[in-house]
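For reference, the structure discussed in these notes is given below.
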Amino acid sequence: MLDIKFLRQNIDFVRKKMRERNVDVDLDKFTSLDSGRRDILQEVETLRSERNRVSREIGQKKKNKEDASELIDRMSEVSTRIKELDESLRKTEEDLHDLIMIIPNIPHESVVYGASPEDNPVVREWGEKPDFDFEPRPHWETGENLNILDFARGAKITGARFTLYRGMGAMLERALINFMLDLHTSEHNYTEVLTPFMVNKESMTGTGQLPKFAEDLFKIEGMDYYLIPTAEVPVTNIHREEILNENDLPCYYVAYSPCFRSEAGSYGKDTRGLIRQHQFNKVEMVKFTTPETSYGELEKLTLNAEEVLKRLNIHYRIVNLCTGDLGFSSAKTYDLEAWMPGHNAYREISSCSNFEEFQARRANIRFRRAENGKVEFVHTLNGSGLAIGRTLVAILENYQQKDGSVIIPEALRPYMKGIDRITL
RNA sequence: GGAGAGAUGGCUGAGUGGCUGAAAGCGAUCGCCUGCUAAGCGAUUGUACGCCUUAAAAGGUGUACCGGGGGUUCGAAUCCCCCUCUCUCCGCCA
């Protein structure tokens with residue numbers, strides 16, 4: 001959520017930024033609601049002030065055994081009027097709030113203008129595409145042939161976009177989770193947390209999933225709880241409604257969680273394989289920082305995610321999402337795209353974002369300056385470190401052998417009982 | 001699921017209708033004192049929103065906030081209703 005004062009004073013700038021994002025927001029409605037609100041506020045506060053003053057007078061008179069009935073009658077009318085104004089104020093503020101909550105973040109100045117993912121500039125690349133002396137197979141073939149991925153059984157147990165992992169496949173998934181958690185906790189200084197996988201409406205609103213993207217979420221029937229689409233939600237909300245000490249910043253968390261997404265609107269996209277599932281595993285990194293350090297922290301966060309692919313020796317590139325591809329809450333996002341030979345394409349495997357104070361404002365996460373005790377909003381950041389299922393895809397596709405077996409990357413072998421290859 | 005107790009500022013903890021944004025203590029900050037530390041003394045010590053002033057920082061002023069929402073009243077931390085959460089006991093359960 002944007003600062004209402006900033007919005008008020010920079011309405012044309014915001015209008016331009018919204019156009020660059022290709023979103024349609026009624027900012028004229030904002031202006032009229034906002035000034036309407038202030039008009040009502042001034043009137044009602046003046047009346048309240050009078051009521052407070054006169055009520056005190058009434059108390060005095062009663063104490064002195066004087067007659068106060070005239071004042072009481074007058075204040076009774078004032079109170080009625082206050083009640084009316086309160087009601088219209090409440091309505092105006094509700095409308096204003098509803099509007100503000102669906103306005104996306106403003107892109108950082110280093111984000112280039114662009115309409116679609118094709119316009120995302122490539123920032124850097126690492127490693128090389130592997131050479132194959134045979135036609136590389138997509139992971140779903142390799143996975144089914146090795147009997148480690150069972151799409152049919154997943155569909156039977158639940159439905160489309162659910163997969164049963166078996167034997168070495170299940171073990172590889174678990175190895176990846178542990179490998180990533182160990183890397184980020186031992187070498188990158190993150191604190192591991194294990195969170196609830198269902199959250200309430202306030203948490204979903206805090207990080208920006210609600211109110212605008214309700215259809216992307218799974219909701220528990222009969223309760224106001226939602227399945228998390230990413231650990232970003234519970235982890236960022238750890239400090240909702242809190243004031244942190246500046247000395248405690250930056251604060252790094254890493255969490256494993258399953259993620260649940262309805263994938264509404266992706267019908268027909270990535271229907272085969274593990275790329276797009278209703279349930280997948282992810283290791284997520286979250287940072288809380290001061291405003292002046294957040295962009296430096298974004299670079300470090302992205303490098304932390306990259307380190308995973310480096311250790312697994314998988315070729316990837318980094319793109320800087322353009323204005324048209326940027327997520328709702330984000331001011332700047334780097335996507336890590338891993339090379340997937342079976343797809344003959346780069347596929348997103350991590351997304352690292354700086355939300356600046358957008359989420360902090362929604363979730364009311366602040367910190368106190370050590371220097372002068374002033375309270376400010378923190379900046380929040382997060383990035384996948386990495387999406388586990390897609391990393392498994394990358395391994396199956398990059399490490400596949402002509403005979404259909406798959407080599408286990410060396411870094412993972414300690415987590416795989418020393419096994420160096422998956423064969424039938 | 002049943003019965004009970006509770007939720008007040010950074011913390012502990014008073015406060016059962018009026019000058020209480022909130023006693024007292026602790027903590028913190030600043031000053032005095034001091035060879036240093038401790039002790040002592042004094043002062044300061046919430047957040048949000050609006051308006052005025054200002055280049056700004058700051059300041060002034062008003063309003064709101066004692067778990068959340070509603071009600072009673074001229075006036076609510078205080079009385080009433082609903083909800084949430086925490087704790088204790090019983091039942092059930094991994």
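These numbers come from the heavy atoms of this one structure, side chains and all, not from hydrogens, waters or symmetry mates. In what follows, chains carry the letters A, B, and so on, assigned in the order in which the sequence lines appear, proteins first and then strands, with residues in each chain numbered from 1. These figures come from a predicted structure and were not determined experimentally.
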Review point. Cut-off 3.5 Å, side chains only: do A:Y256 and A:N281 have a donor facing an acceptor?
Key: yes
Check your understanding: Under the salt bridge (Lys or Arg N to Asp or Glu O under 4.0 Å) rule, what pairs show up with a residue in residues 8-17 of chain A, not counting sequence neighbours?
Key -> A:R8-A:D34, A:D12-A:R15, A:R15-A:D28, A:K16-A:E20, A:K17-A:E20
Exercise for review: Tell me what A:R368 touches on the nucleic acid: a base, only sugar-phosphate, or nothing, going by heavy atoms under 4.0 Å.
Suggested key: sugar-phosphate
Check your understanding: Once you round it to whole Å, what is the distance between C1' of B:rC74 and CZ of A:R81?
Key -> 18 Å
**Study point:** Atom-to-atom span, CG of A:N245 to P of B:rG27 - whole angstrom
**Key:** 18 Å
Check your understanding: When you compare B:rU37 with B:rC30, how far apart are their P atoms, in angstrom units rounded to a whole number?
Key -> 13 Å
Point to revise | Polar side chain donor-acceptor pair, A:T423 to A:S405, under 3.5 angstrom | key: no
**Study point:** Gap in Å between the two P atoms, one belonging to B:rA5 and one to B:rG10, rounded
**Key:** 29 Å
Review point. Does anything in residues 226-251 of chain A pair up under ring pair (Phe, Tyr, Trp, His ring centres under 6.0 Å), and if so which pairs, sequence neighbours excluded?
Key: A:H239-A:Y253, A:H239-A:F288
Check your understanding: Looking only at N and O atoms, is any donor in the side chain of A:Q42 or the base of B:rG50 less than 3.5 Å from an acceptor on the other one?
Key -> no
Check your understanding: Within the structure, does a side-chain N or O atom of A:S49 lie under 4.0 Å from either OP1 or OP2 of B:rU63?
Key -> yes
What protein N or O atoms touch nucleotides 52-57 of chain B N or O atoms at under 3.5 angstrom, if any, and at what distances?
none

Check your understanding: If you measure from the Lys or Arg side-chain nitrogens to the Asp or Glu carboxylate oxygens, is any gap between A:K29 and A:D95 under 4.0 Å?
Key -> no
Point to revise | Separation of the P atoms in B:rG15 and B:rU34, to the nearest angstrom | key: 43 Å
Check your understanding: When we call it a touch if two heavy atoms are under 4.0 Å apart, what does A:N52 touch: a base, just sugar-phosphate, or nothing?
Key -> sugar-phosphate
**Study point:** Between A:T323 and A:R21: side-chain donor-acceptor atoms closer than 3.5 Å
**Key:** no
Check your understanding: Hey, does A:R74 reach any base, or is it just sugar-phosphate, or nothing, if we go heavy atoms under 4.0 Å?
Key -> nothing
Review point. Checking all strands, does A:I58 fall into the base, sugar-phosphate, or nothing category for heavy-atom contacts under 4.0 angstrom?
Key: base
Exercise for review: Please answer whether the main-chain N or O of A:I314 pairs with a side-chain N or O of A:K310 as donor and acceptor at a distance below 3.5 Å.
Suggested key: no
Review point. Has A:K83 got a side-chain N or O lying under 4.0 Å from the OP1 or OP2 atom of B:rU72?
Key: yes
Check your understanding: Are A:S79 and B:rG75 close enough that a side-chain N or O sits under 4.0 Å from OP1 or OP2?
Key -> yes
Review point. Which part of the nucleic acid does A:K61 contact within heavy-atom distance under 4.0 Å: base, sugar-phosphate only, or nothing?
Key: nothing
Point to revise | Whole-angstrom distance between B:rU20 and B:rU29, as gauged at atom C1' | key: 25 Å
Exercise for review: Taking atom C1' in both B:rC74 and B:rC81, compute the distance separating them and give it to the nearest angstrom.
Suggested key: 23 Å
Practice item. Determine the Euclidean distance between corresponding C1' atoms of B:rG46 and B:rG21; express it in Å to zero decimal places. Key: 8 Å
Exercise for review: Specify the separation, in whole Å, of atom CZ of A:R8 and atom P of B:rC51.
Suggested key: 6 Å
Review point. On a whole-Å scale, what distance lies between the P atoms belonging to B:rC41 and B:rC52?
Key: 46 Å
Practice item. Ignoring hydrogens and angles, state whether a donor on the side chain of A:N200 or A:S203 is under 3.5 Å from an acceptor on the partner side chain. Key: yes
Practice item. Using the closest heavy atom to pick a nucleotide of RNA chain B for each, name whichever of A:T46 or A:Q60 lands nearer the 5' end. Key: A:Q60
Exercise for review: Can you tell me the distance, in whole Å, between the CZ atom of A:R53 and the P atom of B:rU61?
Suggested key: 16 Å
Practice item. Quickly work out the A:I4 CD1 to B:rG50 C1' distance and round it to whole Å. Key: 12 Å
Point to revise | Check: A:S79/A:S76 side-chain N/O donor and acceptor closer than 3.5 Å | key: no
Review point. For A:M223 and B:rU84, what is the distance between atoms CE and P respectively, to the nearest whole Å?
Key: 10 Å
With a 3.5 Å cut-off and sequence neighbours excluded, list the donor-acceptor pairs that the side chains of residues 380-390 of chain A form with protein atoms.
| unit_1 | atom_1 | unit_2 | atom_2 | d |
| --- | --- | --- | --- | --- |
| A:T380 | OG1 | A:Q359 | OE1 | 2.7 |
| A:N382 | ND2 | A:E232 | OE1 | 3.4 |
| A:N382 | ND2 | A:E232 | OE2 | 3.4 |
| A:S384 | OG | A:S351 | N | 3.1 |
| A:R390 | NE | A:I275 | O | 3.0 |
| A:R390 | NH1 | A:E348 | O | 2.9 |
| A:R390 | NH2 | A:I275 | O | 3.0 |

Review point. Given atom CZ of A:R51 and atom C1' of B:rU73, what is their separation to the nearest angstrom?
Key: 10 Å
Revision key, fill the gap. If one requires at least 3 consecutive Watson-Crick or G-U pairs with distances under 3.5 Å, the stems of RNA chain B turn out to be B:1-7 with B:84-90, B:10-12 with B:24-26, B:27-32 with B:40-45, B:46-52 with B:59-65, B:67-71 with B:79-83
Exercise for review: Record whether the side chain of A:E57 comes under 3.5 Å of the base of B:rC74 through a donor-acceptor pair of N or O atoms.
Suggested key: no
Can you give me every donor-acceptor pair (side chain of residues 160-167 of chain A, partner residue at least two apart or in another chain, under 3.5 Å) with its distance?
| unit_1 | atom_1 | unit_2 | atom_2 | d |
| --- | --- | --- | --- | --- |
| A:R161 | NH1 | A:K269 | O | 3.3 |
| A:R161 | NH1 | A:D270 | O | 3.2 |
| A:R161 | NH1 | A:R276 | O | 3.2 |
| A:R161 | NH2 | A:S266 | O | 3.0 |
| A:R161 | NH2 | A:K269 | O | 3.1 |
| A:T163 | OG1 | A:Q277 | OE1 | 2.8 |
| A:Y165 | OH | A:E173 | OE1 | 3.1 |
| A:R166 | NH2 | A:D150 | OD2 | 3.3 |

Revision key, fill the gap. Among the nucleotides B:rU47, B:rC85, B:rC49, whichever has the atom closest to the side chain of A:L41 is B:rC49
Check your understanding: Closest nucleotide of RNA chain B for A:E50 versus for A:R38: which of these residues is on the 5' side?
Key -> A:R38
Practice item. Check whether any side-chain nitrogen or oxygen of A:R37 sits under 4.0 Å from OP1 or OP2 of B:rC49, and answer yes or no. Key: no
Exercise for review: Report yes or no: do A:K282 and A:S257 form a side-chain donor-acceptor pair below 3.5 Å?
Suggested key: no
Exercise for review: Identify which nucleotide among B:rC51, B:rG18, B:rG62 has an atom closest to any side-chain atom of A:E45, counting heavy atoms from C-beta outward.
Suggested key: B:rG62
Review point. Within the pair A:R366 and B:rU47, is there a side-chain N or O less than 4.0 Å away from OP1 or OP2?
Key: no
**Study point:** Protein-nucleotide distance (A:R48, atom CZ; B:rG62, atom C1'), rounded to Å
**Key:** 11 Å
**Study point:** Span that lies between the C1' atom of B:rU78 and that of B:rA22, in whole angstrom
**Key:** 12 Å
